[in-house]
Amino acid sequence: MVIRAGRSVYTLADLAALEGRALGTYRNRRMHRRAGHPAPVSSAAARVLLYDVEQVDAWRAGLPVPPLPIEDAPGDLLDTPEAAALAGVTARSWETYRRDPALAAHVVQVRGQQLAGEAAGVEHWPRAVVVAWLEDRPGRGQGGGRPPGARDGLPRQEIVPRTAALLAAEPAVTAAEVSRRLGVHPDSAHRALRELRVAAVAALLEQEPAASAQDVAARLGYPLRTARTALTVARATARDHAPDAPDSGGLTLF
């Protein structure tokens, strides 16, 4: 998902303020997960959830929730995972590229409606700015390619971002389908999906620490079995990175 051109957003703190609740209470009671509540427009891996104002206002008024525009527009605002996917790089690489003056000069700090007071901004970039930056990059379209004897039809550094685009469009996509559509080895597709799904679940857990496998499946659109395994791995990884954490052993998924 992206913030479509010309649309305004609420943060989770804004939603809590609209309900007259403290943010912690609102989040712990999962009030943003009530039946029919509009889904976030932030990307699956986003650390801050954002919601379309028009959709939320309609839902709160008991009116039909209007659909979001489906056509990409130059004024769409992309967060870090979305901008990285459009650029064909990893989110980590984008953290470096974002310092380029051609991007830094146009960054938009999305703060919602600030109904709960001044909010920290979430960096977004207009789609047109990212596209122009890509077109102006020196050496674009030169070099790269598959090394002799490689098993994949894509350069290694492109597999995860290209898989991320497929996963964003089809959360239940399988490794076999990724392998077929991208022309990469099934093992490479499997690893890319695992990395992306575990990262998305880890980001979700930061917002909702008590999330269940059913919550993950509903929030991210993963099949329940996949959601359950990704949740197990994400929590095990978090424990492994905690101070003095015991070894959790190897886990395989997807």
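- Following chains of ILVMFWY side-chain contacts shorter than 4.5 Å, one cannot reach V65 starting from V2, and the two form parts of different hydrophobic clusters.
- Note that CG of L63 and CD of Q55 are 13.0 Å apart. Values are rounded to the nearest 0.5 Å.
- Annotation: the span from L49 atom CG to T11 atom OG1 amounts to 9.5 Å, rounded to 0.5 Å.
- Between H37 and W59, the ring centre distance stays below 6.0 Å.
- For the 3.5 Å distance criterion, the side chains of T25 and N28 fail to qualify, holding no donor opposite an acceptor.
- With contacts defined as side-chain heavy-atom distances shorter than 4.5 Å, the pair D52/P38 does not qualify.
- Put simply, the side chain of L50 reaches to within 4.5 Å of the side chain of H124, judged on heavy atoms.
- Here E208 does not pair with R27 in a salt bridge; the nearest charged N to carboxylate O distance is not below 4.0 Å.
- One finds the CZ atom of R98 at 11.5 Å from the CG atom of D100 (value rounded to the nearest 0.5 Å).
- Counting heavy atoms from C-beta outward, W125 and L77 have side chains that stay 4.5 Å or more apart.
- The side-chain heavy atoms of D215 and R33, taken from C-beta on, include a pair separated by under 4.5 Å.
- Follow the hydrophobic side-chain contacts under 4.5 Å out from L134 and you reach L78 in the same cluster.
- The residues R34 and E19 are annotated as salt-bridged, a charged nitrogen and a carboxylate oxygen being separated by less than 4.0 angstrom.
- Between R92 and E95 there is no salt bridge, since no side-chain nitrogen of the basic residue lies less than 4.0 Å from a carboxylate oxygen of the acidic one.
- In this structure, NE2 on H190 lies 12.5 Å from OG1 on T163, to the nearest 0.5 angstrom.
- Around atom CZ of R162, no more than 12 heavy atoms belonging to other residues, nucleotides or ligands sit under 6.0 Å away.
- Looking at Y222 and L167, their side chains come closer than 4.5 Å, going by heavy atoms from C-beta outward.
- Proximity of Q214 to L224: side-chain heavy atoms (C-beta onward) are separated by under 4.5 Å at one or more points.
- Between the side chain of R7 and the backbone N or O of D76, no donor-acceptor pair lies under 3.5 Å.
- The two residues A227 and V216 have their closest heavy-atom pair at CB-CG1, 3.7 Å.
- There is no side-chain donor-acceptor pair under 3.5 Å between D14 and Y51.
- Electrostatic pairing of E195 and R191 does not count as a salt bridge here, judged by no charged N lying under 4.0 Å from a carboxylate O.
- Ring geometry for H32 against Y26 counts as parallel: the plane angle stays under 30°, on a 0 to 90° scale with 60° as the upper cut.
- Comment: R4 does not engage E54 in a salt bridge, judged by the lack of any side-chain N to carboxylate O separation of less than 4.0 angstrom.
- Residues V131 and V107 share a hydrophobic cluster, clusters being chains of Ile/Leu/Val/Met/Phe/Trp/Tyr side chains in contact below 4.5 Å.
- The shortest side-chain heavy-atom distance between R194 and V233 does not fall under the 4.5 Å cut-off.
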